[in-house]
Amino acid sequence: MATFQTLPGFREFYPEDFARRNHVFRLWRQTASTYGFVEYDAPVLEPLELYKAKSGDEIEGQLFSFTDKGGREVALRPEMTPTVCRLIGAKASALKRPIKWFSIGEFYRYERMQKGRGRCFSQFNADIFGEPGPEAEIELIALLTQCLCAFGLTEQDFYVRLSDRNLWFYYLEALGLDEPRIRSVLGVVDKFEKAGDEAFKSYTEQFGELDAALKAKVLAFLQIKSLAALEALLAPIGGEKLAARLVEWRKLLGGLKAMGLERFIEVDLGVVRGLAYYTGFVFEAFDRKGELRALAGGGRYDDLVQKLGGPAFPAVGFAIGDMTFALLLEQRGLTPTMVQSPDVYCVIGGEAERIAAFGAIQTIRASGYRVDYPMRDVAFGKQLKAASDSGAKLALIFGADELAKGVVKIRNLGDRTESEVPSADVMSAVREFFTG
RNA sequence: GCGGCCAUAGCUCAGUUGGUUAGAGCACAAGAUUGUGAUUCUUGGGGUCGCGGGUUCGAAUCCCGUUGGCCGCCCCA
């Protein structure tokens with residue numbers, strides 16, 4: 001039977017699934033638009049180098065990459081960020097600020113499939129460029145929240161964990177660690193939630209056992225869950241960098257509170273995100289039950305545009321993946337049932353009636369109504385059933401009797417009432433039915 | 001890349017210690033019903049039992065391999 005299968009991890013969308021996906025995309029687009037973001041798109045296939053430059057050579061193992069017929073090393077895009085950084089970098093000085101962009105696209109990663117993760121998936125990406133302050137983060141976190149709430153999800157369903165790589169950096173610096181050690185500790189922090197004490201193994205292997213007092217301080221910082229606790233812990237340390245950073249924190253949380261979003265936000269220094277390129281605030285959205293992988297993630301990456309060949313350009317962005325999101329909607333019974341029904345279904349008596357009906361059908365369609373009719377001669381009863389099953393509100397009956405009288409019978413499929421109108425008036429009768 | 005479980009119709013699943021031509025429900029289609037949507041009844045299409053090999057007189061069933069799926073680990077932009 002199935003000689004050809006879809007490649008592992010790839011998806012097919014039958015009409016109902018496709019309608020559901022479109023619905024999700026439509027709401028994301030609408031939401032982004034209400035926040036003043038504009039949509040862009042870019043190639044699905046990119047030079048392999050674009051990703052190596054950003055993430056290092058090891059990344060290649062997780063890419064769909066190959067050599068094209070011109071000998072170019074290429075890869076299907078695994079994410080949008082490098083691409084959008086290139087777009088921005090190429091026209092940075094010509095773009096009107098603030099730059100608030102979003103896109104929806106499909107991405108590809110050569111990975112083992114798992115719940116909520118496949119080899120192809122869609123992401124909603126939103127980024128703000130050129131804004132160094134936390135105002136950009138406020139706007140993006142607000143957008144992220146709304147992109148989830150638009151489907152009926154609430155603070156009961158998800159929350160956004162907020163952290164700060166800069167703060168970690170300054171804190172560890174103040175504790176006397178050098179940069180390589182700091183990076184290693186951040187790696188430990190990233191793994192700690194899952195691995196617990198095991199997470200320190202990688203640090204120990206590199207630099208030897210972490211001093212017990214230092215380790216305690218790392219753990220204390222990692223467990224911070226509020227701005228107050230943060231301020232209390234940092235106060236005795238002092239220093240300008242930390243103080244300035246706390247000002248940013250107050251701005252960010254104050255802004256989010258003013259937007260009425262504090263119920264979604266949890267300060268959680270345990271989140272650092274594995275990516276080396278994040279340079280400041282980072283955030284991730286999770287389901288409250290903690291059963292699924294991250295719904296969305298993002299953060300500031302002020303160095304990346306420059307690293308990819310553009311000018312120095314502050315940037316912050318996030319992405320929502322469609323797979324985990326769909327699982328959450330499913331869990332909460334919020335998956336919409338997408339019915340694609342015509343407005344009008346035509347019941348047609350035979351060949352002569354069919355020819356007579358075609359003119360009316362095209363006229364009604366041209367006015368924007370969805371019109372369907374059977375492609376073959378079928379018994380009236382069957383046609384009425386088909387009309388009813390189709391979900392149409394109205395049936396137009398083109399039968400021999402009607403044709404002879406020069407009329408069309410209009411049947412309201414809801415209350416089963418019927419009336420006749422002259423053939424010439426069908427269009428206006430349909431319009432009247434639907435506009436009341 | 002590693003480990004556990006699984007694979008029979010479009011879907012959900014039966015299928016006896018290995019034994020005739022592999023079944024049911026749902027779904028789909030046709031008819032009963034040649035001008036009115038329900039229900040019901042009848043009928044039908046659809047399977048190389050994931051694929052390949054082995055054991056056997058005989059394999060959906062047992063063994064090996066392989067592919068695919070689910071779950072977990074590594075990773076997770």
Side-chain angles (χ1 to χ4, degrees), chain A residues 1-12 14 16 46 50-56 58-63 75-85 107-119 121 123 125 127 187 190-191 194-195 198 201-202 272-278 282 284 291-299 301 304 308 317-321 323-324 327 345 347-350 353 374 376-404 409-418 420:
Chain A
M1 174 193 54
T3 312
F4 295 107
Q5 304 181 332
T6 52
L7 262 11
F10 282 77
R11 304 182 287 177
E12 291 168 313
Y14 282 79
E16 199 182 326
E46 291 277 16
L50 181 62
Y51 304 110
K52 284 192 177 173
K54 182 199 153 204
S55 308
E58 328 76 62
I59 194 71
E60 191 171 350
Q62 317 211 33
L63 296 176
L76 288 170
R77 63 185 182 190
E79 59 166 327
M80 197 51 130
T81 308
T83 299
V84 71
C85 284
F107 298 87
Y108 308 86
R109 296 177 188 175
Y110 199 87
E111 290 185 295
R112 192 85 176 145
M113 307 185 45
Q114 250 173 78
K115 191 175 185 180
R117 190 169 79 176
R119 286 181 172 184
F121 53 93
Q123 273 189 349
N125 274 264
D127 297 271
D190 189 39
K191 291 201 172 74
K194 267 193 147 178
E198 275 290 292
K201 229 168 95 181
S202 65
V272 295
R273 310 215 77 204
L275 291 310
Y277 66 77
Y278 282 113
V282 291
E284 290 189 319
E291 292 169 352
L292 306 171
R293 55 179 65 244
L295 287 160
Y301 49 97
L304 199 54
L308 294 175
F318 73 87
I320 308 173
M323 295 184 78
T324 302
L327 287 172
Y345 194 96
V347 173
I348 296 170
E353 292 85 351
R376 291 180 298 175
D377 289 348
V378 182
F380 261 70
K382 293 269 186 202
Q383 292 194 51
L384 261 310
K385 180 166 165 28
S388 173
D389 289 346
S390 78
K393 299 277 184 296
L394 199 65
L396 296 182
I397 301 175
F398 297 86
D401 299 349
E402 287 81 2
L403 192 56
K409 192 178 276 180
I410 296 186
R411 183 177 175 86
N412 181 329
L413 289 166
D415 63 16
R416 305 190 175 203
T417 56
E418 289 184 345
E420 288 183 349

> NA contact type, A:Met80, heavy-atom cut-off 4.0 Å: base, sugar-phosphate, or nothing?
Replying inline: nothing
> Quick one: A:Glu79 CD to B:C75 P, roughly how many Å, whole number?
Replying inline: 18 Å
>> If you compare all heavy atoms of A:Ile410 against all heavy atoms of A:Leu394, which two are closest, and at what distance to 0.1 Å?
In response: CG2-CD1, 3.5 Å
Below 3.5 Å between N/O atoms, which protein atoms pair up with nucleotides 31-35 of chain B? Just atom names and distances, please.
from	atom 1	to	atom 2	distance (Å)
B:G35	O6	A:Ala400	N	3.0
B:G35	O6	A:Asp401	N	2.6
B:G35	O6	A:Asp401	OD1	3.4
B:G35	O6	A:Asp401	OD2	3.4
B:G35	O6	A:Glu402	OE1	3.2
B:G35	N1	A:Glu402	OE1	2.7
B:G35	N1	A:Glu402	OE2	3.0
B:G35	N2	A:Glu402	OE2	2.5
B:G35	N2	A:Lys409	NZ	3.3

> Please give, in whole Å, the distance from B:G72 P to A:Arg293 CZ?
Replying inline: 8 Å
> If you measure from the P atom in B:U66 to the same atom in B:A60, how many Å do you get, rounded?
Replying inline: 22 Å
> Mind checking the P distance from B:C70 to B:C49? Whole angstroms is fine.
Replying inline: 23 Å
> When rounded to the nearest Å, what value does the distance between P atoms of B:C28 and B:U39 take?
Replying inline: 11 Å
>> What's the gap between B:A7 and B:U12 when it is taken at their P atoms, as a whole Å value?
In response: 12 Å
>> What I want to find out is whether A:Arg119 reaches A:Glu111 closely enough, with some N-O distance under 4.0 Å, to be called a salt bridge.
In response: no
> What interatomic distance, in whole Å, is found between C1' of B:A9 and the corresponding atom of B:G44?
Replying inline: 14 Å
>> From CD of A:Glu16 over to P of B:A27, roughly how many Å is that when rounded to an integer?
In response: 15 Å
>> As an exercise, state the distance from CG of A:Leu76 to OH of A:Tyr110, rounded to the nearest 0.5 Å.
In response: 12.5 Å
>> For the P atoms, the ones on B:G10 and on B:G4, what distance do you get once it is rounded to whole angstrom?
In response: 31 Å
>> Tell me whether A:Glu198 contacts the main-chain N or O of A:Ala195 through its side chain, where contact means a donor paired with an acceptor under 3.5 Å.
In response: no
> Looking at A:Glu79 and A:Phe107, what are the two nearest heavy atoms and their distance?
Replying inline: C-CE2, 3.3 Å
> In whole angstroms, how far is the P atom of B:G4 from the CD atom of A:Gln114?
Replying inline: 16 Å
> How close or far is atom C1' of B:C76 from atom CD1 of A:Ile320, stated in whole angstroms?
Replying inline: 18 Å
>> Over all strands shown, is A:Pro78 touching base, sugar-phosphate only, or nothing at heavy-atom distances under 4.0 angstrom?
In response: base
> Side chain of A:Arg411, backbone of A:Ala395: donor and acceptor closer than 3.5 Å?
Replying inline: no
> Under 3.5 Å, is there an N or O donor on one side and an acceptor on the other linking the side chain of A:Arg411 and the base of B:G37?
Replying inline: yes
>> Distance check, rounded to the nearest 0.5 Å: A:Lys201 atom NZ versus A:Lys191 atom NZ?
In response: 11.0 Å
> Between B:G68, B:G37, B:C75, which nucleotide gets closest to the side-chain atoms of A:Pro8?
Replying inline: B:G68
>> So does A:Gly399 get a backbone contact from the side chain of A:Glu402, meaning a donor-acceptor N/O pair under 3.5 Å?
In response: yes
> Quick one: A:Arg11 CZ to B:C70 P, roughly how many Å, whole number?
Replying inline: 12 Å
> Counting any heavy atom closer than 4.0 Å, what does A:Lys191 reach on the DNA or RNA strands: base, sugar-phosphate only, or nothing?
Replying inline: sugar-phosphate
> Got a second to check how far A:Lys52's NZ is from A:Leu63's CG, nearest 0.5 Å?
Replying inline: 9.5 Å
Within the sub-3.5 Å range, which N or O atoms of nucleotides 40-46 of chain B have a protein N or O partner, and how far apart are they?
none

>> Rounding to an integer number of Å, can you tell me how far A:Glu111 CD sits from B:C2 C1'?
In response: 15 Å
> Any donor-acceptor pair under 3.5 Å between the side chain of A:Arg117 and the base of B:C75?
Replying inline: yes
>> One pair to check against side-chain hydrogen bond (donor to acceptor under 3.5 Å, both in side chains): A:Tyr345 and A:Asp389. What are the steps and the verdict?
In response: CA-CA 10 Å; A:Tyr345 194 96; A:Asp389 289 346; over 6 Å; no
> Looking across every strand, which nucleic acid part, if any, lies under 4.0 Å from A:Asn412 by heavy atom: base, sugar-phosphate, or nothing?
Replying inline: base
>> Can you check the distance between B:G52 and B:G68, where both ends of the measurement are the P atom (answer in whole Å)?
In response: 16 Å
> When rounded to the nearest 0.5 angstrom, what distance separates CG in A:Leu295 from CE in A:Met323?
Replying inline: 13.0 Å
> Does any N or O in the side chain of A:Gln383 come within less than 3.5 Å of the main-chain N or O of A:Ile348, such that one atom is a donor and the other an acceptor?
Replying inline: yes
> Going from NZ on A:Lys115 to CG on A:Leu292, what distance comes out if it is rounded to the nearest 0.5 angstrom?
Replying inline: 6.0 Å
> What nucleic acid atoms does A:Gly9 come within less than 4.0 Å of, heavy atoms only: base, sugar-phosphate, or nothing?
Replying inline: sugar-phosphate
> Hey, is the side chain of A:Arg416 pairing donor to acceptor with the base of B:U36 inside 3.5 Å?
Replying inline: no
> So what does the secondary structure string of RNA chain B come out as, 5' to 3', with Watson-Crick or wobble pairs under 3.5 angstrom, [ ] for crossing and | for pairs with another strand?
Replying inline: (((((((..((((.....[...)))).(((((.......))))).....(((((..]....))))))))))))....
>> Taking the C1' atom in each of B:U21 and B:G58, what is the distance between them to the nearest angstrom?
In response: 15 Å
> A:Gln62 or A:Gly116: which one's nearest nucleotide on RNA chain B is closer to the 5' end?
Replying inline: A:Gly116
>> How many whole angstroms separate atom CZ of A:Arg376 from atom C1' of B:A29?
In response: 9 Å
> Hey, does the side-chain of A:Arg109 have a donor or acceptor N/O within less than 3.5 Å of a partner on the base of B:C76?
Replying inline: no
> Taking NZ, NE, NH1 and NH2 as the nitrogens, is one of them in A:Glu46 or A:Arg77 under 4.0 Å from a carboxylate oxygen of the other?
Replying inline: no
